[in-house]
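Take a look at the structure set out below.
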Amino acid sequence: MDVLIVDDDAITRLALCTALEEWGFVPIVAENGDQALQKLEAETAPHLLIIDWSMPGMSGPELCKSIRKRDDGQFFYILMLTGKEGNEAIVEAMEAGADDFLNKPFDHRVLKVRTAAGSRIVRLEQTLNQLASRDALTQCWNRRMIDELFANSIAESTRKQTTFSLMILDIDHFKKVNDTYGHAGGDMALKHIVNILNTNLREYDQVGRYGGEEFVVLLPATDQNEAWGVAERIRSAIQFQPTRISDDVKIDLTVSIGLAQFDRRQDANQSAFFERADKALYNAKQSGRNRIVSAE
Ligand SMILES: Nc1nc2c(ncn2[C@@H]2O[C@H](COP(=O)(O)OP(=O)(O)OP(=O)(O)O)[C@@H](O)[C@H]2O)c(=O)[nH]1
């Protein structure tokens, strides 16, 4: 696990780096509050922080407050190190947002167990986050999360005047799959569909399971023509790559897909846009399944 050390003193930074490496952590260093805030912007930012109190510019408590003010839902565990003694300092540090507090010069054994306790909390938070945002069976986003990403895409597209497309994909006659191969066979087919989606989409496309056998895909910076190409690649991959449930048993599947491109003039809100793609999906089902229909 990465640990961000924020300290203006090079000797303390070196001592912390050496100790953390010895305990199996990966230290990342910042010499002041501004550098620390910059490092926390990265997508793979560390979530466990060891922060010094007295630094030129932003102090440790000021840095804590500014980290706690972020409203992006990310969790950071902060251990504050300081030469200050007494309860007043503990109260001030923790009121500013620190989770734990340790006096300098620090005892190596105490720092080791405190860091280990912090890393347990970071891991627990990551597990909870995973449970709250991922579909347990397929590991793609769950409905709550894809709805949130969908709302963000609309906001971003409106702000930056860019477009994006929405794809709703529903497995055809999935009830028959369950009836023929059992629920376990149906579950394998759902996982297989998500694998095919993941291998045929770009890194920044988002896949969510919306209901039982219905998936929503967000395609940023993609117009309806490009989205059609992606949808066709997926439709055909699903048709020609059956789910293998054993050496001699395979499940053939097809999907119906509804597509829509976000249009600020036509789509008053998120649900109006979703409705257009959902209607296209309905038309794909009505006109014989295993096909793609684009919204008007
Ligand atoms: N194995 C499995 N089946 C599920 C899961 N969630 C929903 N289903 C099944 O998905 C089936 C959906 O059936 P329907 O909504 O009738 O749709 P369909 O049979 O796919 O028919 P069309 O969509 O009209 O082509 C139901 O039998 C559900 O029990 C799941 O997590 N695992």
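Keep in mind it's a predicted model, so treat the numbers as computed, not measured.
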May I have the list of side-chain donor-acceptor pairs in residues 178-191 shorter than 3.5 Å, sequence neighbours left out?
unit_1, atom_1, unit_2, atom_2, d
Asp179, OD2, Lys175, NZ, 3.3
Thr180, OG1, Lys176, O, 2.6

For [X] versus [Y], what's the shortest heavy-atom pair and its separation?
| X | Y | value |
| --- | --- | --- |
| Ile171 | Lys285 | O-NZ, 3.2 Å |
| Ser157 | Thr163 | OG-CA, 3.9 Å |
| Gly208 | Cys140 | C-SG, 3.9 Å |

Under a 4.0 Å N-O cut-off, is there an ion pair linking Lys65 with Glu62? no
Pairs in or reaching into residues 252-273: which pass ring-ring contact (aromatic ring centres under 6.0 Å, His included), with residues at least two apart or in two chains?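 Non-adjacent pairs meeting ring-ring contact (aromatic ring centres under 6.0 Å, His included): Phe150-Phe273, Phe164-Phe262, Phe164-Phe273, Phe262-Phe273.
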Backbone N/O of Ile196 and side chain of Asn200: donor-acceptor pair under 3.5 Å: yes
What salt bridge (Lys or Arg N to Asp or Glu O under 4.0 Å) pairs are there with at least one residue in residues 245-262, not counting sequence neighbours?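 Every pair satisfying salt bridge (Lys or Arg N to Asp or Glu O under 4.0 Å) with a residue in residues 245-262: Lys250-Asp252.
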Listed by chain and number, what are the salt bridge (charged side-chain N to carboxylate O under 4.0 Å, His left out) partners of [X], not counting sequence neighbours?
| X | answer |
| --- | --- |
| Glu226 | none |
| Arg109 | Asp107 |
| Arg70 | Glu41, Asp72 |
| Asp278 | none |

Evaluation steps, side chain to side chain contact (heavy atoms under 4.5 Å, CB included), between Val255 and Ile193: CA-CA 9 Å; Val255 290; Ile193 294 283; 4.3 Å; yes
For Asp99 and Arg68, run salt bridge (charged side-chain N to carboxylate O under 4.0 Å, His left out): C-alpha distance rounded to whole Å, both residues' side-chain angles, the deciding distance at 0.1 Å, then the answer. CA-CA 11 Å; Asp99 296 288; Arg68 295 305 181 210; 2.8 Å; yes
Side chain to side chain donor-acceptor pair (under 3.5 Å) against Gln126, all qualifying residues, sequence neighbours excluded: none
Side-chain heavy-atom pair Gln266, Arg276 within 4.5 angstrom cut-off: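 Yes, side chains in contact.
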Pairs involving residues 207-221, ordered by first then second residue, that meet side chain to side chain donor-acceptor pair (under 3.5 Å) (sequence neighbours left out): Asp135-Arg209, Asp147-Tyr210
Transitive ILVMFWY cluster of [X], excluding itself - 4.5 Å side-chain cut-off:
| X | result |
| --- | --- |
| Leu102 | Met1, Val3, Ile5, Leu16, Leu20, Trp23, Phe25, Val29, Leu48, Ile50, Phe75, Tyr77, Leu79, Leu81, Phe106, Val110, Leu111, Ile121, Val122 |
| Ile78 | Leu4, Val6, Ile28, Leu37, Leu40, Leu49, Ile51, Trp53, Met55, Met58, Leu63, Ile67, Phe76, Met80, Ile90, Met94, Phe101 |
| Ile11 | none |

Before you tell me yes or no, could you show the steps for Asp52 and Asp9 under side chain to side chain contact (heavy atoms under 4.5 Å, CB included), namely the whole-Å CA-CA distance, both residues' side-chain angles and the distance that decides it to 0.1 Å? CA-CA 9 Å; Asp52 184 29; Asp9 178 46; 5.7 Å; no
